[in-house]
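On a predicted model such as this, the values are computed, not experimentally measured, just so you know. Whatever order the structure lists ligands and atoms in, that order sets their numbers, starting from 1.
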Amino acid sequence: MFKRILVANRGEIALRIFRACRELGVETVAIFSEADRGAAYLELADEAYCVGLPKAADSYLKIDRVISAAEIGNVQAIHPGYGFLAENAHFAEICRSCEIEFIGPSHEAMALVGDKNAARRLAKEVNVPTVPGSEGLVEDEAQAVSLAHELGFPVLIKASAGGGGRGMRVALNDLALKAAIQQAQAEAEAAFGNADIYLEKYVEHPRHIEVQIIADNHGGAVHLFERDCTMQRRHQKLVEESPAPRLDAETRQEMCDAAVRLIRAANYTNAGTVEFIVDPSGSFYFIELNARIQVEHPVTELVTGIDLIKAQLLVAAGEKLPFTQDDIRQSGASIECRINAEDPDKNFRPTPGTITRLRVPGGFGVRFDSHVHEGYVVSPYYDSMIGKLLVHQPTRREAIACMKRALSELHVEGVKTTIPMHQKILDHAAFHESRVDTTFIERTWPS
Ligand code: ADP
């Protein structure tokens, strides 16, 4: 195992990694921007270095400074967390060329799956169902229009380098398609420096179900079952759970097997997530492979009892996975609510500011992964998530009751949060019956 690693991230995920490392006896080096200077969670690292100004582009995304901190801190490996440099194949390559292990897949595998169009092609090769759409990239408007007519509207334009819902546009007709192509290309060029786009049939009323996987460097590759992340706003997840409700055993098995087939074909190692959308008839389609640990990974930890961060460290250190597929069981039901500093009444606009009062829930089956405290200043520079509230109970019904109780205990003053939105979701009959799709929130509460 490593003696010392650097965590190239901030907030709750940095803290999550410090904690796993402490238990493994691995020392941690933190990095922080001027905006995070003095943050309490940094005290739980062994050392911390400032890497620049508040804007992520001037600190957390500055590869040369992150590498300098790693060299000064004398670490053997870097854990990138999620976001920032986590899916930057160039960064992974630089780490390894500096003889610092990158805790994630090889840069080759990352580059392959990070190109969504290439990942789609690979999925087809190994019989993993993909959404009907363009064979490769869309070259021009005329080709897109004729393909859209073949597929039937609505269609979805996606950026090959896309992520976080950026560079993605739905089009209902020819005119809208032409405009959407230009918008998606411009957005993708600005966000990713790559204007490549492709086209997919827009699956109506889908559910989002993803499979957690992990693989080692010795041929071991397993899945840790699925998470249902259907409850989204603006294509961003708000509530996640496992097992996925209303997923029959056969489909679950097929999806999990498909996920393992795909990561094997991609020579993918370390933790990742294979995302699918499921149409109302129950057919599932691969949409992308996320080459990182995800925000919602604790949902899987709770139902499987496996610490995914520790498993990532083991794999990166060259060890074999400490479990086989047969050892992994899905037990009970887990739900996660993302607590964001956002105003649900104002279209989830971020609400940076100072947390003046905080009461954290606890009790049986409750986990709160968060770096915030009373007096913490939620910065406008970063993601608005201030914590993840999780529950684990024997059944989904009990998990819902436990989450409602935990949400009623969680009290945040000073900034508006998504807590009231979660309470409305948890009270809704459609959520109880799991008769929801990815547009549920927007349709149910249009304002
Ligand atoms: P990103 O990487 O930008 O997050 P994804 O490809 O993961 O993009 O898609 C994000 C979300 O968009 C999915 O969870 C799903 O809700 C929706 N989505 C993606 N592809 C389709 C599709 N073909 N039809 C309908 N919804 C889709």
Asker: With a cut-off of 4.0 Å, which atoms of ligand 1 are near a heavy atom of Thr438?
Answerer: 16 (O)
Asker: Among pairs that include at least one residue of residues 78-89, which meet side chain to side chain donor-acceptor pair (under 3.5 Å), considering only residues two or more places apart or in two chains?
Answerer: Glu12-Tyr82, His79-Gln312, Glu87-Arg292
Asker: Specify the protein heavy atom at minimum distance from atom 17 (C) of ligand 1: its residue, its atom name, and the distance to 0.1 Å.
Answerer: His235 ND1, 3.7 Å
Asker: Give a yes/no on ligand 1: does Lys116 have at least one heavy atom closer than 4.0 angstrom to it?
Answerer: yes
Asker: Are Tyr60 and Phe32 close enough that their ring centers fall under 6.0 Å?
Answerer: no
Asker: Which is closest to atom 16 (O) of ligand 1 by heavy-atom distance: Gln232, Lys237, His208?
Answerer: Gln232
Asker: Could you tell me which non-hydrogen atom of Pro154 sits nearest to which non-hydrogen atom of Glu204, and how far apart they are?
Answerer: CD-OE2, 3.6 Å
Asker: Can you tell me the protein heavy atom closest to atom 23 (N) of ligand 1 and the distance?
Answerer: Glu200 OE1, 2.8 Å
Asker: Taking only heavy atoms of Glu288 into account, list the atoms of ligand 1 that are under 4.0 Å away from them.
Answerer: 1 (P), 2 (O), 4 (O), 5 (P), 6 (O), 7 (O), 8 (O)
Asker: Name the option, out of Met168, Gln236, Glu210, that contains the heavy atom nearest to atom 12 (O) of ligand 1.
Answerer: Met168
Asker: Give the atom numbers and elements of ligand 1 that come within less than 4.0 Å of a heavy atom of Lys201.
Answerer: 22 (C), 23 (N), 24 (N)
Asker: Once you measure the plane-to-plane angle for Trp445 and His428, does it fall in the parallel (<30°), tilted (30-60°) or perpendicular (>60°) bin?
Answerer: perpendicular
Asker: Output yes when the distance from some N or O of ligand 1 to some N or O of Glu275 is under 3.5 Å, and no in every other case.
Answerer: yes
Asker: Salt bridge check: are Lys416 and Glu342 linked by an N-O gap of less than 4.0 Å?
Answerer: no
Asker: Looking only at non-hydrogen atoms, which of Glu87, His205, Lys158, Glu204 approaches atom 19 (C) of ligand 1 most closely?
Answerer: Lys158
Asker: To check your reading of the model: name the closest protein heavy atom to atom 3 (O) of ligand 1, its residue, and the distance in Å.
Answerer: Gly165 N, 2.5 Å
Asker: From atom 18 (N) of ligand 1, work out which of Val203, Thr230, Leu156, Asn290 has a heavy atom at the shortest distance.
Answerer: Leu156
Asker: Is the closest side-chain donor-acceptor distance between Gln330 and Glu226 under 3.5 Å?
Answerer: yes
Asker: Any pair with a residue in residues 172-192 that passes side chain to side chain donor-acceptor pair (under 3.5 Å), sequence neighbours left out, goes on the list, sorted by first then second residue, please.
Answerer: His149-Asp174, Arg169-Gln183, Arg169-Glu187
Asker: Which residue and non-hydrogen atom of the protein lie closest to atom 26 (N) of ligand 1, and at what distance in Å?
Answerer: Tyr202 CE1, 3.7 Å
Asker: Would you give the length of the straight line joining atom CZ of Arg207 to atom CG of Asp228, rounded to the nearest 0.5 angstrom?
Answerer: 6.0 Å
